[in-house]
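Chain letters run A, B, ... following the sequence lines, proteins first and then strands; every chain starts at 1.
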Amino acid sequence: MATKLVLDGRPVTVDVAARKPALRLVLDGVEHEVIERESARGEIKIVIDGVVFRGFRCVTSDGEVHVRLAGRTFFVQPEDRSVREAASGGDGVQEFRADFPGRVISRHVEPGAIVAAGDPLLTIESMKLQMTLAAKHGGRVERVFVESDASFERGAHLLRVVPIDAEEKGRAP
Amino acid sequence: MFRKVLVANRGEIACRVIRTLRALGIRSVAVHHLVDRTAPHVEMADEAVLLDGDSPTAAYLDREQILAACRSTGAEALHPGYGFLSESADFSEAVTASGVVFIGPDARAMRLMGDKIRSREFAEASGVPVSKSVVGRADDTSFLDQVSALGFPILLKASAGGGGKGMKIVRARADLAANAAAARGEAERYFGDGRIYAERLVERPRHIEVQVIGDGEGTVVHLGERECSIQRRYQKIVEETPAANLPPKVRDAICAAAVRLAGAARYRNAGTVEFLLAPDGTFFFLEMNTRLQVEHPVTEMVLGIDLVAEQLRVAASGTLSITQADVRSKGHAIECRICAEEPEHDFRPAVGTIGCLRIPSGEGVRFDGGIREGLAVTPAFDSMLAKLVAHGANRTEAIERMAAALDSMVLLGVRTNVDYLGRVIRSAAFARGDLHTGFVVEHADALAAAPPQEALAAAALAAGALATADFRRGVYDVPELYAALGRWRN
């Protein structure tokens with residue numbers, strides 16, 4: 001049974017092909033012989049088909065794995081962490097949630113507004129930086145969960161945009 | 001010299017100031033909010049005073065509590081660092097009034113330079129070029145003559161509005177009247193006010209600034225320029241000195257303008273005069289920062305001067321310990337600001353806990369940080385975590401050392417711009433020194449991460465998968481029969 005992960009934002013699968021005599025993993029569709037060694041303080045050695053990579057690894061409290069190999073940083077997440085983004089692409093509902101705590105600077109839309117891809121929805125601030133959330137696809141603003149100047153916590157619902165056609169389908173008898 | 005100094009700041013700059021205090025044998029006092037009780041600046045200082053506050057930022061901005069901390073600890077002077085209260089003239093005045101030396105300019109100079117309009121007027125009166133602008137009506141021929149006198153290209157926009165509505169770029173006198181009429185039409189339509197604003201448009205501008213230090217009596221020494229054109233979201237991320245490909249005549253003119261301005265203001269202590277440089281070599285005064293800059297280490301690296309020590313000397317004695325003739329630049333230095341952010345998502349800030357940290361070292365490499373493993377990166381403060389600085393005999397060597405230092409830097413647990421900075425430093429445009437403030441946007445595609453080679457991607461995925469709880473169990477927690485055959489664990 002393959003495990004679904006996300007590597008740098010890209011969905012991938014990993015599976016065990018053999019444990020003995022050597023560990024063989026199917027990584028993103030390709031089988032490799034893998035040796036893993038971890039020493040103290042996050043240092044790792046990964047051998048892929050005889051090629052040695054030395055680096056560092058750390059698991060965050062969210063279960064995300066940060067890997068540093070060959071002067072490059074990789075992020076590996078369990079699939080459920082990215083379900084949110086995948087779902088919003090799937091049925092066309094765009095659910096905006098806070099990735100970190102912050103404050104609402106301004107609301108650019110009210111519920112009921114029809115928006116096009118790229119239209120600004122909400123300007124928020126966190127760590128002294130402002131950013132504007134924009135619609136990824138066109139749709140209708142169903143709800144805005146936050147008021148101007150309000151603070152919000154990580155994971156808070158901010159805004160939901162629904163596709164116009166889906167909404168009409170929903171209304172059909 | 002002072003015996004005890006209070007540092008009214010936190011993070012890397014508080015640590016950096018305390019380092020110099022220690023080197024000079026001066027006792028240091030840290031102030032901190034409860035969330036920072038185990039922060040590096042608190043641990044480094046000889047004494048620490050807890051500040052109450054509804055939020056961590058409010059604590060570091062609480063003048064009364066900081067003044068009380070000076071009194072209770074017997075600190076003779078206060079170093080404000082940058083940010084927080086460092087540019088508050090009222091605070092500088094209150095500190096001085098309480099009998100404590102404020103390590104920075106006096107309130108008069110801070111007020112003069114802190115006001116955008118007054119500082120520009122003062123600069124112009126001091127013979128420092130400022131970007132001129134005029135406001136008028138498109139049907140007024142004398143207005144059009146004034147606009148032409150600014151020099152082309154010119155930016156026209158509605159005087160009343162913003163947001164790019166009615167904005168026009170005019171490249172030649174012949175096109176001015178028609179564009180001004182069109183701009184007026186849009187200004188009237190959108191804002192009900194037909195007046196238009198015109199300014200000289202600087203295309204591909206460079207951000208060049210000059211470090212100065214003054215004695216408050218009109219004597220000012222400049223410590224060379226810094227280029228800070230690599231910016232994202234209008235904030236600097238890479239700075240260097242000397243500025244690449246800057247003609248000596250232009251450099252001399254900019255540094256002389258900075259000295260003229262600071263001298264006229266009878267500026268005391270360290271400050272930075274910022275300019276916008278146009279491709280044709282003309283430059284305009286932007287603003288003066290009346291404090292130590294984030295990017296001051298590049299200047300220290302090429303001059304072999306400790307700017308904080310110089311600040312302390314000026315504050316203690318009222319005289320400069322260096323003359324212009326003492327200032328000799330050697331080699332080239334680059335600084336990268338390491339920030340908790342996601343460059344691939346429009347540089348949005350990131351939070352987390354630093355889980356794995358390895359600080360680069362090596363010849364010419366300096367790391368100014370206030371971070372350690374286990375430290376939480378929260379949205380309460382600025383996203384800058386540390387500064388990495390590399391010095392080399394020339395720009396090429398500084399770039400090589402910076403690239404190697406960034407490669408060996410390990411900071412995991414919170415997403416950072418370390419890899420992105422590496423791509424900036426290694427880019428062909430950076431190597432050419434073809435810099436302007438739109439660099440990050442212009443080269444967005446070239447600065448995006450290239451796909452890793454296959455074996456590296458497989459290694460990263462294997463390392464990641466084997467650390468995710470479910471997959472790891474499936475690999476290593478095998479049934480007893482297999483275990484008996486010799487399961488291995490590391």
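- With a 4.5 angstrom heavy-atom cutoff, B/Val414 touches chain A only via backbone atoms.
- Summarising the geometry of B/Phe430 relative to B/Ile334, their closest heavy-atom pair is CE2-CD1, 4.1 Å, with the distance given to 0.1 Å.
- Contact of A/Leu69 with chain B is made through backbone and side chain together, with heavy-atom distances under 4.5 Å.
- Not a single donor-acceptor pair under 3.5 Å links the side chain of A/Arg107 to the backbone N or O of A/Ser148.
- With a threshold of 4.5 angstrom between heavy atoms, A/Phe53 approaches chain B through side-chain atoms but not through N, CA, C or O.
- Of all the heavy atoms in A/Phe152 and A/Ala156, the pair that sits closest is CB-CB, 4.0 Å.
- Contacts with chain A were tallied for B/Ala467, B/Ser408, B/Ala404; B/Ala467 has the most, counting heavy-atom pairs under 4.5 Å.
- In this structure, B/Arg415 forms a cation-pi arrangement with A/Phe75, its terminal cationic atom sitting closer than 6.0 Å to the ring centre and no more than 45° off the ring axis.
- Interface remark: of the candidates B/Thr468, B/Leu411, B/Leu357, B/Leu456, B/Leu456 forms the most heavy-atom pairs closer than 4.5 Å to chain A.
- Counted by atom type alone, B/Asp36 and B/Tyr60 present one or more donor-acceptor pairs between their side chains at under 3.5 Å.
- A salt bridge is defined here as a Lys NZ or Arg NE, NH1 or NH2 lying under 4.0 Å from an Asp or Glu carboxylate O, and B/Glu341 with B/Arg233 fails to meet this definition.
- At a 4.5 Å heavy-atom cutoff, the contact between B/Leu406 and chain A is made by backbone atoms alone.
- Using a 4.5 Å cut-off between heavy atoms, A/Ile46 touches chain B through its side chain atoms alone.
- Among the candidates B/Ala449, B/Gly422, B/Pro452, the residue making the largest number of heavy-atom pairs closer than 4.5 Å to chain A is B/Pro452.
- Only the side chain of A/Thr60 has a heavy atom closer than 4.5 Å to any heavy atom of chain B.
- Between B/Arg337 and B/Glu12 there is no salt bridge, since no side-chain N of the basic residue sits under 4.0 Å from a carboxylate O of the acidic one.
- When each of B/Asp419, B/Thr416, B/Thr353, B/Val410 is scored by its heavy-atom pairs under 4.5 Å with chain A, the top score falls to B/Asp419.
- In terms of heavy-atom proximity, A/Val67 sits nearest to B/Gly464 at CG2-N, 4.0 Å.
- Annotation: maximal heavy-atom pairing with chain A below 4.5 Å, among B/Ala457, B/Ala462, B/Gly355, occurs at B/Ala462.
- Heavy-atom pairs under 4.5 Å with chain B were tallied for A/Ile44, A/Val47, A/Val14, A/Asp49; the largest tally goes to A/Val14.
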